[in-house]
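To find a chain, count down the sequence lines: A is the first, B the second, and so on, and within it residues start at 1.
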2 protein chains.
Amino acid sequence: MSKNAKFDRAEVVEKATNLYWEKGYHGTSMRDLQATVDLRPGSIYAAFGSKDNLFKEAINHYANSTGKLLQLCLDETSSPLAGLKLFIRKITIENRENAPSDMCMIVKSISELTDNDNKELLDEAKALLNGVESRFADIIEDAMQTGEISSNKNAMDLARYMQVQIIGLRTYSRVNDDQTIIEKFIDDIFVGAPFH
Amino acid sequence: MSKNAKFDRAEVVEKATNLYWEKGYHGTSMRDLQATVDLRPGSIYAAFGSKDNLFKEAINHYANSTGKLLQLCLDETSSPLAGLKLFIRKITIENRENAPSDMCMIVKSISELTDNDNKELLDEAKALLNGVESRFADIIEDAMQTGEISSNKNAMDLARYMQVQIIGLRTYSRVNDDQTIIEKFIDDIFVGAPFH
DNA sequence: ATGTATAATGAACGAGTGTTCCACTTGAAA
DNA sequence: TTTCAAGTGGAACACTCGTTCATTATACAT
């Protein structure tokens, strides 16, 4: 063996994630990254291999953190739907000021990446968004089990509905960030047609 | 006087728009543009000034075309809401294969541009999206006049609701492009809570 | 036919891109 | 204390970026 006391990898990924999240894949240069994670190219490339690879690790870290936040919301509320609602409130309102961007990093990535130029990263982002959707479906099935939602509904349909509302709302909130309007919209999501 | 038989400016803007729409602002290089509009840098810079300026013209052209499409949909249907629904169907399903991207170019731009690095273009895009929203509000007010919608609803609220649904659905359709699901979703938009 | 103002061309500029390479440093094993 | 594989720093590479500008081509007025 030899030396192994390097930088804190988790911390580097966290910082890289925030930069990619803010500026997007194309808007972030390796020199931007080098500066914000305070590492020289040699170290970054030894640890992550390429800009693409670092991005992949970043977006996975993002999805992971978001998943943990969702679980936290479910744990501190009394029902699946209440947890879901708290989660939406957190990402659209409460965590807004500290977040690098108003929008979901996965959605931003899906929006800017193309099949022609960045197929691999795009597919990664799509897979992660699908992961979120099936997590939503699980939660909704829990809600059907407890009777919070009528059990003759289709969980996948509702999960999809949730997904569209959140994507739409977060993007919309970049143009109109009136907090009361956003809050009202969140309330309306849960009395929307698919739930009846 | 002297020479004035130049290239067709409208045609150049159209081609530039499609490229920006597909690849985004950062993903499109001036050399990409030079190739697709078949002009040398000198001509482009004489006519448009800069990459930013050309983008501004492109996104305005896009908003204009979309506005015309919406009007067309209203003209060939029997009610404001039917027109709106046809419009949504067109942009999400019918025009899909010919379009450079599944998503709305304005939304893509709002998603990728930042206040720090591209404030001017971002503000332009936001203004255009707000323009769409007030157009929606006008249409909804028409629908209230004809009794298609209860007139104790708030037109701005409904316009905002439409906006969020369209943004969410178009983005979502990039991950799941099952046509029957998209169609079902469009139907559901118009029986959604805000309409009752 | 000639002169002239304007448009189009494309080489070139400096700065920035992702990435590589190698000399240097480090710290655990011997 | 010596050894040496692994980690780090930073100059440099080949290329691309947005943009400029001197040159050449063009078409109208005379």
For atom CG of B:Leu39 and atom P of C:dA7, their distance in whole Å: 13 Å
Within residues 9-24 of chain A, residues whose heavy atoms come under 4.0 Å of DNA chain D: none
Integer-rounded Å distance: C:dT6 C1' and B:Phe7 CZ: 13 Å
Atom-pair distance (CG on B:Asp52; P on D:dT19), nearest Å: 7 Å
A:Glu120 atom CD: more than 12 heavy-atom contacts under 6.0 Å: no
A:Phe48 CZ to C:dG18 C1', straight-line distance once rounded to whole Å: 16 Å
For atom CG of B:Asp117 and atom P of D:dG18, their distance in whole Å: 15 Å
Atom-pair distance (CD on B:Gln34; P on D:dG18), nearest Å: 9 Å
d(CG, B:Leu33; P, C:dG10) in whole Å: 18 Å
Atom-pair distance (CZ on B:Arg40; P on D:dT24), nearest Å: 18 Å
Of the listed nucleotides C:dA7, D:dT8, C:dG10, the one nearest the side chain of B:Lys6: C:dA7
Partners passing salt bridge (charged side-chain N to carboxylate O under 4.0 Å, His left out) against A:Glu183 (at least two apart in sequence or in another chain): A:Arg89
Short side-chain N/O contact from B:Tyr45 to OP1 or OP2 of D:dT19, under 4.0 Å: yes
Which residue lies more 5' along DNA chain D, comparing A:Ser43 with B:His26 via nearest heavy atoms: A:Ser43
Between B:Asn152 and B:Ser150, a side-chain donor and acceptor under 3.5 Å: yes
Donor-acceptor side-chain pairing of A:Asp178 and A:Thr180 below 3.5 angstrom: yes
Those residues that, when tested against B:Ala143, pass side-chain contact (heavy atoms from CB on, under 4.5 Å) (two or more places apart): B:Pro80, B:Leu81, B:Glu148, B:Ile149
Residues which pass side-chain hydrogen bond (donor to acceptor under 3.5 Å, both in side chains) with A:Asp177, listed by chain and number, not counting sequence neighbours: none
Please list, pair by pair, any protein nitrogen or oxygen found under 3.5 Å from a nitrogen or oxygen in nucleotides 11-17 of chain C.
unit_1, atom_1, unit_2, atom_2, d
C:dT17, OP1, A:Ser29, OG, 3.4

More than 12 heavy atoms of other groups within 6.0 Å of A:Met156 CE: no
Side-chain donor-acceptor pair present, B:Arg96, B:Ser173, cut-off under 3.5 Å: yes
With sequence neighbours excluded, residues passing ring pair (Phe, Tyr, Trp, His ring centres under 6.0 Å) with B:Tyr25: B:Phe55
